[in-house]
Number of protein chains: 2
Amino acid sequence: MNPKENIHPIEAPAGLRERKKRLAQAAIEEAALRLFQQKGYEQTSIQDVADAVTMSSRTFFRYYASKEEVLSGPIRSTQLDGIRYLQEAAPPASPHAALKSVFGYLAGQYQKQRPGLVLRYRIAGQTPSIASLFLYTLMETEPALCDALWSKFEIGVDRDEVRFLVAVYMAALRVSIEEWLELGEDTDLVDVLHRHMDRLSSMPPR
Amino acid sequence: MNPKENIHPIEAPAGLRERKKRLAQAAIEEAALRLFQQKGYEQTSIQDVADAVTMSSRTFFRYYASKEEVLSGPIRSTQLDGIRYLQEAAPPASPHAALKSVFGYLAGQYQKQRPGLVLRYRIAGQTPSIASLFLYTLMETEPALCDALWSKFEIGVDRDEVRFLVAVYMAALRVSIEEWLELGEDTDLVDVLHRHMDRLSSMPPR
DNA sequence: TTGACTTTTGTCACTCAGTGACATTATATT
DNA sequence: AATATAATGTCACTGAGTGACAAAAGTCAA
């Protein structure tokens with residue numbers, strides 16, 4: 001574990017207000033995921049979720065900007081962690097080295113979230129708008145990763161090449177996650193990812 | 001131009017009904033794109049579009065399943081063309097050769113749609129849900145491409161490897177389109193794509 | 001503890017996407 | 001022209017999401 005170990009240091013419980021907010025947020029997520037699983041995502045209305053935690057539906061939207069955000073939230077914040085990881089990483093030997101490191105880190109983070117991800121991707125499999133959102137949530141971090149990577153080298157690398165590189169590694173991560181979720185609980189996402197990343201070495205059979 | 005040149009043979013004008021439907025569809029698309037450009041996508045309601053072509057908003061939804069579909073439609077059908085192209089392609093020398101061929105074909109098809117794509121991607125740039133949809137529209141064809149490719153070889157290739165390969169080429173296409181749209185009108189998408197695909201040969205610097 | 005201040009919540013009214021049902025109109029067929 | 005069939009309009013409805021404002025709860029100082 002190279003750079004910053006604690007990207008999310010555990011904050012002091014702070015005031016009662018803060019604690020209540022966290023509680024409410026957690027309650028919403030729990031209830032929402034449970035209902036999505038039981039009745040299906042589209043068959044679950046915000047009203048259903050709000051009822052389950054006895055709050056008004058208006059309040060739901062003060063915690064989550066949309067119904068979809070309940071599902072994409074953790075993925076999004078993991079991706080943001082990845083950006084920070086790369087920004088704070090020690091000067092890497094090469095772009096490939098840097099990318100292997102970040103994406104390895106990301107795989108490790110996703111690894112920890114398996115149960116939640118299984119659930120989320122099961123819903124994505126049945127709900128195109130959610131599959132669509134997950135793709136976007138992954139790929140929207142590409143520009144920031146490009147910038148971070150670019151700033152490590154400045155010269156000697158082509159900007160468009162960096163963009164492509166990042167996109168390729170992102171494809172590796174995406175495919176790895178899909179595969180890993182289809183396989184049993186005891187498969188290692190980091191391994192799957194490395195298998196794919198290594199393929200890049202022997203890419204074109206010429 | 002290898003396999004089937006006419007994937008969309010021009011049908012006879014058929015009856016009046018058919019002609020009217022085509023007219024209506026075209027009128028909707030024209031009006032919608034114009035309004036999206038003028039007022040912005042989110043600021044344009046279906047009612048606005050329907051009014052512009054003097055039809056009820058209910059009828060709009062008989063032509064397009066959603067507001068978004070007006071934008072993703074052509075991309076989707078281009079992707080479907082790609083699938084057919086690969087299915088009907090002559091037995092390729094290698095997976096890479098097959099993929100270079102399909103994605104080259106796709107680039108050629110997109111090349112022809114430049115004006116429309118400029119507009120569509122401009123909207124996507126301002127509307128996350130549309131960017132999200134475009135990503136999905138590209139990537140949702142991956143499984144079918146994998147199947148088609150797989151059926152050309154059957155043995156000697158790993159299914160997961162095929163999946164990764166297709167994803168990598170899709171990343172190349174995606175990045176190429178983005179770059180190509182940012183550059184001037186006279187740049188060649190097929191060239192941009194080939195530049196990226198060639199990079200795969202010298203991928204990992206070891 | 002009270003009282004003033006700030007944040008959170010609920011209520012209400014609203015816009016807009018999308019859908020099902022049914023009547024109406026236009027095209028197709030013989 | 002008469003009849004069958006397909007397209008359109010109308011209406012009523014669900015559900016996501018938002019702005020405005022009032023009520024309730026948490027915070028902090030005296």
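Since we're looking at a predicted model, the values are computed, not measured. Just so we're on the same page: letters track the sequence lines, and every chain starts at 1.
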Which of these nucleotides, [options], is closest to any side-chain atom of [X]?
X      : options                  : result
F61(A) : dT8(D), dG10(C), dA16(D) : dA16(D)
R62(B) : dT8(D), dA17(C), dT11(C) : dT8(D)
R58(B) : dC21(D), dT19(C), dA7(D) : dT19(C)
S45(A) : dG18(C), dG9(D), dG15(D) : dG15(D)
K67(A) : dA16(D), dC21(D), dG9(D) : dA16(D)

What is the distance from [atom1] of [X] to [atom2] of [N], rounded to the nearest Å?
X       : N       : atom1 : atom2 : value
E42(B)  : dG17(D) : CD    : C1'   : 12 Å
L23(B)  : dT27(C) : CG    : C1'   : 15 Å
R22(B)  : dA7(D)  : CZ    : C1'   : 16 Å
I130(A) : dA16(D) : CD1   : P     : 12 Å
D51(B)  : dA17(C) : CG    : P     : 12 Å
Q47(A)  : dC12(C) : CD    : P     : 13 Å
K20(A)  : dG10(C) : NZ    : C1'   : 14 Å
L35(B)  : dC16(C) : CG    : C1'   : 16 Å

Between S56(B) and R17(B), who's closer to the 5' end of DNA chain D by nearest nucleotide?
R17(B)
Aromatic rings H196(B) and F164(A): how do their planes relate, parallel, tilted or perpendicular, breaks at 30° and 60°?
tilted
Would a distance-only check, ignoring hydrogens and angles, find a side-chain to backbone donor-acceptor pair under 3.5 Å from S132(A) to S132(B)?
yes
Backbone N or O of R34(B) within a donor-acceptor pair of the K39(B) side chain at under 3.5 Å?
no
Base, sugar-phosphate, or nothing for [X], non-hydrogen atoms under 4.0 angstrom?
X      : answer
Y64(A) : nothing
F60(A) : nothing
S57(B) : nothing
A24(B) : nothing

Using a cut-off of less than 4.0 Å, is there contact between a side-chain N or O of K21(B) and OP1 or OP2 of dA7(D)?
yes
Should Y63(B) be listed as having a side-chain N or O under 4.0 Å from OP1 or OP2 of dT8(D)?
yes
Salt bridge (charged side-chain N to carboxylate O under 4.0 Å, His left out) with R120(A): of E29(A), E68(A), E69(A), only one passes, and it is E29(A)
If the threshold is 4.0 Å, N to carboxylate O, is there a salt bridge linking E179(B) and R163(A)?
no
